[in-house]
Amino acid sequence: MNIISTAANTAKALPAKAKLTIVKHAPVLCLAAGVGGVIGGVVLACKATRKSDAVINEFHEYEAYCEGLVGKPCSDGTVYSEEDKNNDIKNEKIKTTVKVAKNYILAVLVIAASIGFICGGYKIISNRATRLATTVNAFLIGEKAYRQRVASVIGEEAERELYYGKHTEVDEEGNT
């Protein structure tokens, strides 16, 4: 029965210990996630560049194709004009721009999130340092007030002897 209760208590304590460990190491975890994310984002951006090069090449091929169509008859009986070519190229530029943006959006989001992790880790460290400085300052103010109360009760000289540990003894002849 004792073994079962010990195991149950240990199982209950594990999530709390895990949470404490994560909170304790949160700045390091944020920094690691941020750096890893930046590296991953750069890799994704490199892959997106390769894909975007292919999309841009397709656009240039379409542009050359449209140049070759100028002055030729269309299936509806009209002649493909310079204005038609400009409209088609303008529409294709818009489509190409959207495709290129889609290629890079994941890399941009990953890098932005990574920068957020790095800044979040810095904020955690900054908050901890601020709380520590506030706590130390409050302790020092309290200690100074305590020493003043002690000095008012037992005297300045006796308080200094207590605080600094310099105890002087006077013998019967008055020598220290």
Side-chain angles (χ1 to χ4, degrees), residues 1-56 93-176:
M1 188 73 155
N2 192 15
I3 295 173
I4 294 173
S5 65
T6 304
N9 289 338
T10 303
K12 288 178 186 177
L14 284 177
K17 286 182 180 180
K19 180 182 176 189
L20 180 64
T21 302
I22 290 171
V23 168
K24 180 181 175 184
H25 298 293
V28 174
L29 295 173
C30 286
L31 180 64
V35 170
V38 167
I39 292 169
V42 169
V43 169
L44 288 172
C46 291
K47 287 183 177 182
T49 301
R50 305 275 298 209
K51 290 178 185 177
S52 296
D53 285 342
V55 170
I56 291 169
K93 277 184 184 179
I94 293 169
K95 290 178 188 176
T96 301
T97 303
V98 169
K99 287 178 186 177
V100 169
K102 281 183 180 180
N103 287 339
Y104 283 105
I105 193 72
L106 182 61
V108 169
L109 292 176
V110 167
I111 290 173
S114 300
I115 291 171
F117 273 118
I118 293 170
C119 292
Y122 172 77
K123 183 168 175 49
I124 292 169
I125 290 174
S126 175
N127 288 344
R128 286 180 183 177
T130 302
R131 287 192 304 259
L132 178 64
T134 304
T135 303
V136 168
N137 192 27
F139 174 76
L140 292 175
I141 290 170
E143 190 248 350
K144 184 177 180 181
Y146 173 74
R147 285 188 63 203
Q148 287 174 346
R149 283 194 313 271
V150 169
S152 68
V153 171
I154 66 172
E156 288 278 331
E157 195 172 312
E159 189 273 333
R160 265 187 258 122
E161 285 181 13
L162 283 174
Y163 186 73
Y164 294 111
K166 295 180 180 177
H167 183 66
T168 56
E169 291 185 22
V170 180
D171 60 6
E172 289 123 10
E173 298 172 356
N175 298 327
T176 57

Legend entry - side chain to side chain contact (heavy atoms under 4.5 Å, CB included) partners for Val136, two or more places apart: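 So Val136 forms a side chain to side chain contact (heavy atoms under 4.5 Å, CB included) with Leu132, Leu140.
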Show me the donor-acceptor pairs, under 3.5 Å and distance only, between side chains in residues 24-51 and residues at least two apart or in other chains.
from  : atom 1 : to     : atom 2 : distance (Å)
Thr49 : OG1    : Ala45  : O      : 2.8
Thr49 : OG1    : Tyr104 : OH     : 2.8

Inset, instruction - Identify the heavy atoms of Glu159 and Ile154 that sit nearest to each other, and give their distance. - result: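 That closest heavy-atom pairing would be N-CD1, 3.9 Å.
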Legend entry - Where at least one partner belongs to residues 114-131, residue pairs that pass side chain to side chain donor-acceptor pair (under 3.5 Å), sequence neighbours excluded: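 Passing the test, one end in residues 114-131: no pairs.
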